Amino acid sequence: MARRDYPTEGITVHWGAEVCQHSGICAATLPRVFRPQERPWIRADHADADTLAQAIDRCPSGALSYTRTTSEGAHQMTTDADAPEAAAPQVTITPTEDGPYEVRGPVSLLTSNGRPLREGEKLFLCRCGQSAKKPYCDGSHKRVGFRSTVRAKGED
């Protein structure tokens with residue numbers, strides 16, 4: 001996946017165009033940073049690291065992500081020994097109403113030959129069949145008026 005990185009003090013913003021749904025939440029949340037009509041469209045140095053992280057966490061597609069960095073530029077990392085004892089992370093797949101499948105959790109999407117295509121904590125996969133970015137949702141379900149009343153067996 002082609003990823004663009006936008007480093008600034010304390011954080012590097014990552015953007016994966018292939019999975020972006022162009023929802024505009026980033027631009028609405030931080031318009032001084034996310035400017036879709038300009039190039040470069042991300043001005044990471046226009047906000048502090050914490051503000052950027054909060055805005056990026058709202059990205060519905062996972063196209064925006066970040067890596068926290070120290071002042072020297074090294075990644076801040078924790079080891080399993082540093083982490084509290086926790087249950088194994090769970091992956092959930094939820095069909096959104098009239099929209100894509102929302103996949104959350106530590107997930108790896110593989111090609112048919114087993115090559116990693118994308119890894120992350122959040123993916124939105126096309127359910128309407130109209131996306132130009134399959135398997136990812138690109139928002140085409142809105143354009144084509146996709147409606148889904150299909151519910152899981154036993155769901156009210």
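For clarity, every value in this text was computed on a predicted model and none was experimentally measured.
In this structure the side chain of P106 reaches within 4.5 angstrom of the side chain of E121, judged on heavy atoms. Between T8 and L52 there is a side-chain heavy-atom pair separated by less than 4.5 Å. Contact of the V19 side chain with the R118 side chain is registered, since non-hydrogen atoms from C-beta on lie closer than 4.5 Å. For the pair C59/I25, no side-chain contact is recorded, criterion being any heavy-atom separation below 4.5 Å from C-beta on.
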message: Show, in sequence, the C-alpha distance, side-chain angles and deciding distance for E18 and D138, and conclude whether the side-chain contact (heavy atoms from CB on, under 4.5 Å) test is met.
response: CA-CA 9 Å; E18 294 86 24; D138 68 357; over 6 Å; no
- request: Tell me, with the steps shown, if Y6 and Y66 meet side-chain contact (heavy atoms from CB on, under 4.5 Å).
  value: CA-CA 9 Å; Y6 302 86; Y66 59 89; over 6 Å; no
query: Going through the checks in order, is the side-chain contact (heavy atoms from CB on, under 4.5 Å) test met by I11 and T67?
result: CA-CA 6 Å; I11 194 168; T67 303; over 6 Å; no
- request: Could you check L30 against T51 for side-chain contact (heavy atoms from CB on, under 4.5 Å), going step by step and ending with a plain yes or no?
  value: CA-CA 9 Å; L30 272 181; T51 303; 3.8 Å; yes
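The CZ atom of R127 sits 10.0 Å away from atom SG of C137, with the distance rounded to the nearest 0.5 Å. Remark: Y136 OH to L125 CG distance equals 8.0 Å, nearest 0.5 Å. Separating the SG atom in C128 from the NZ atom in K134 is a distance of 7.5 Å, to the nearest 0.5 Å. Atom-to-atom distance recorded for L110:CG and L117:CG is 8.0 Å, nearest 0.5 angstrom. Expressed to the nearest 0.5 Å, how far CD1 of I42 lies from NE2 of H46 amounts to 12.5 Å. Between L64 atom CG and R58 atom CZ the span is 12.0 Å, to the nearest 0.5 Å.
Between S61 and Q21 the shortest heavy-atom distance is CB-CG, 3.7 Å. Annotation for P36 and R39: closest pair O-NH1, 2.9 Å, computed over non-hydrogen atoms. Scanning both residues, P40 and R43, for their nearest heavy atoms gives O-NE, 3.4 Å. Across all non-hydrogen atoms, the minimal contact from A28 to P31 is O-CD, 3.9 Å. In this structure, G99 and H141 approach most closely via the heavy-atom pair CA-CD2, 3.7 Å. A pairwise comparison of heavy atoms in V33 and A47 identifies CG2-CB, 3.6 Å as the closest pair.
Between W15 and W41, the ring planes are perpendicular. Angles over 60° get that label, and only those under 30° would be called parallel.
Summarising the local packing, CZ of F146 is surrounded by more than 12 heavy atoms from other residues, nucleotides or ligands at distances under 6.0 Å.
When atom types are taken as modelled, the side chain of K133 and the backbone of A17 share a donor-acceptor pair closer than 3.5 angstrom.
Ion pair D50/R68 flagged as a salt bridge, since at least one NZ, NE, NH1 or NH2 atom sits closer than 4.0 Å to an Asp/Glu carboxylate oxygen. The existence of a salt bridge linking R3 and D5 is confirmed by a sub-4.0 Å separation between a basic side-chain nitrogen and an acidic carboxylate oxygen.
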